[in-house]
2 protein chains.
Amino acid sequence: MDARIASRKGQRKAREKRMTAGDAVHQGPARYGRRRTGAGGRGGGGEALLGIGAAAAQAGVSQRALRYYQQLGLLTPCSSTPGGMRRYSEADISRVARIRQLQTLLGLNLDEIAIVLRHEDRMAAIKDAYRDEHATDADRRGLAAESLRLQQELRSTVQAKRAAIDSFLADLDERILRTRDILEGVAAASPARED
Amino acid sequence: MDARIASRKGQRKAREKRMTAGDAVHQGPARYGRRRTGAGGRGGGGEALLGIGAAAAQAGVSQRALRYYQQLGLLTPCSSTPGGMRRYSEADISRVARIRQLQTLLGLNLDEIAIVLRHEDRMAAIKDAYRDEHATDADRRGLAAESLRLQQELRSTVQAKRAAIDSFLADLDERILRTRDILEGVAAASPARED
DNA sequence: CCCGAATCTGACGTTGACGTTAAGATTAGG
DNA sequence: CCTAATCTTAACGTCAACGTCAGATTCGGG
């Protein structure tokens, strides 16, 4: 039972029941005034918002993680009840997915992820307020150009990682071939069943 | 000055002078009886061994890290002086490189890396003691087969990661294209210099 | 043989990313 | 309106992977 090299990382302790969505109790969607949907707000149109429990379950993370992301400014729930309870949209959930992606795939820490997300948000804002805003075209050009630069920078680091993984994979394949050779050599010397 | 998204991770605090090899003082190679070179021992033939300072500098990690790796059983220096000071071979240094690779590329933790390295060592031992050892061919076959299985398992996780990175990259490219479109749109509306 | 540089072994400190209570507030269904 | 379920903030705990002393020991050149 050594089949546990990778593909965990999310099961340190975590008692939190972790139900994958709608398991027993209701806790389901609710509707609330998702204020300030204009400009930079995630949260589509009239979709059902989730409480932190359901959102965490959907996203596959803990409630604590969601609150922590909020503390660091990575993810502000698109709305909240008058009493101060967080309400997450589907867009919020996918944002969590992106955070996890940047974490596990690229190995960025949350501060770095915050930077990346901020720039992505900026681009979205530019796109949204493309003519609404009363900014000059020069402003727009500057912002877009800067975001382009940053995205390309990210792209180059990702590509470097990809190249590294490729060479790693090639190395591994070579090792596997050698192992297979050895195995065949032994098998030839003292043959056993083959499939 | 936002050009710091990735490509650091090794500069938290770290006062340790971090000289890249031969900077001021001597501390260079030394010769000592590298005991037990047979069977599983890294440490080529009559190469010069390094003290922990030089080794750490070469490998680009701290001395503490090297000692820590040893504690966890990831890397035992191929030799040591009668007084108990560690001596590292070039093979040891590349082992450190592999450790870092598994860390940063695949995001494995040191325990998982220990498992991987142990299996790689096992394979090397099998190769070395291919006829020297007085094991039966069945033994050899079993070991090689097991290692093959494990290597293929690792390979599949690596490939999954590669696929994930590829799709990430594709997504990023799409974003970049859209950004470029916006930029061109604005440039058309209010043209500035182009290069 | 001596001395300064390098290294040794503890042992405690740090940092990021949460986990885990605790005690009180909010919500939604009946 | 009541109550169980869900959520809130605040605070402390944890774990990996080292960083950072401190005091003793070892090495190697003169």
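Every chain is numbered from 1, with letters handed out A, B, ... down the list of sequences. These values consider heavy atoms only, across backbone and side chains, with no hydrogens, waters or symmetry-generated copies.
- In this structure, the nucleotide among D:dC18, C:dA17, D:dG28 sitting nearest to the side chain of B:R87 is D:dG28.
- As rounded to whole Å, 8 Å separates atom C1' of D:dT6 from atom CD of A:Q63.
- As a whole-Å value, the separation of B:L110 CG from D:dC15 C1' is 12 Å.
- Residues satisfying the side-chain hydrogen bond (donor to acceptor under 3.5 Å, both in side chains) criterion with B:D181, sequence neighbours excluded, are absent altogether.
- Nearest to the side-chain atoms of A:T81 among the listed nucleotides C:dT26, C:dT7, D:dC7 stands C:dT26.
- For the side-chain contact (heavy atoms from CB on, under 4.5 Å) test, residues two or more places apart in sequence or in another chain that qualify with A:A65 are A:V61, A:S62, A:Y69.
- Atom-to-atom, CG of A:L49 to P of D:dT6 comes out at 18 Å; the value is rounded to the nearest Å.
- In this structure, A:M85 and B:L72 both approach DNA chain D, and ranking their closest nucleotides by distance from the 5' end singles out A:M85.
- Residues passing the side-chain contact (heavy atoms from CB on, under 4.5 Å) test with B:R118 are B:A114, sequence neighbours excluded.
- For C:dG19, the OP1/OP2 oxygens have a side-chain nitrogen or oxygen of A:S62 closer than 4.0 Å.
- The phosphate of C:dG19 (OP1 or OP2) has no side-chain N or O of A:Y68 nearer than 4.0 angstrom.
- A search for side-chain hydrogen bond (donor to acceptor under 3.5 Å, both in side chains) contacts involving A:T179 returns B:Q151, not counting sequence neighbours.
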Within the sub-3.5 Å range, which N or O atoms of nucleotides 9-13 of chain C have a protein N or O partner, and how far apart are they?
residue: C:dT9; atom: OP2; partner: B:R86; partner atom: NH1; Å: 3.0
residue: C:dT9; atom: OP2; partner: B:R86; partner atom: NH2; Å: 2.7

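- The side-chain contact (heavy atoms from CB on, under 4.5 Å) test applied to B:Q63 returns B:E16, B:I52, B:A56, B:R67, not counting sequence neighbours.
- With the 3.5 Å cutoff on both pairing distances, Watson-Crick and G-U pairs in DNA chain D assemble into runs of at least 3 at C:1-30 with D:1-30.
- Rounded to whole Å, the distance from CG on A:D111 to C1' on C:dA17 is 11 Å.
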**OP:** Could you check A:F168 against B:R155 for side-chain contact (heavy atoms from CB on, under 4.5 Å), going step by step and ending with a plain yes or no?
**Re:** CA-CA 9 Å; A:F168 183 94; B:R155 196 200 121 94; over 6 Å; no
**OP:** Take B:D92 and B:R87, measure what side-chain contact (heavy atoms from CB on, under 4.5 Å) needs, and give me the verdict at the end.
**Re:** CA-CA 9 Å; B:D92 291 333; B:R87 292 289 124 133; over 6 Å; no
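- For C:dA17, neither phosphate oxygen OP1 nor OP2 lies less than 4.0 angstrom from any side-chain nitrogen or oxygen of A:Q70.
- Put simply, OH on B:Y88 is 11 Å from C1' on C:dC8, counting in whole angstrom units.
- Nucleotide D:dT9 holds its C1' atom 12 Å from the CD1 atom of A:I52, rounded to whole Å.
- With sequence neighbours left out, the side-chain hydrogen bond (donor to acceptor under 3.5 Å, both in side chains) criterion links A:D171 to A:R175.
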**OP:** Could you walk me through whether B:R162 and B:I165 pass side-chain contact (heavy atoms from CB on, under 4.5 Å), step by step?
**Re:** CA-CA 5 Å; B:R162 192 197 120 102; B:I165 284 202; 5.8 Å; no
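- The residue B:Q103 sits close only to the backbone: its heavy atoms come under 4.0 Å of sugar-phosphate atoms, none of a base.
- Residue A:A65 is the one, among A:A65 and A:G83, whose nearest nucleotide of DNA chain C lies closer to the 5' end (criterion: closest heavy atom).
- Contacts of B:Q70 classified as side-chain hydrogen bond (donor to acceptor under 3.5 Å, both in side chains), with partners at least two apart in sequence or in another chain: B:R86.
- We find that CG of B:N109 is positioned 14 Å from C1' of D:dC18, with the value rounded to whole Å.
- Between the CG atom of A:L66 and the C1' atom of C:dA17 there is a distance of 13 Å, given to the nearest Å.
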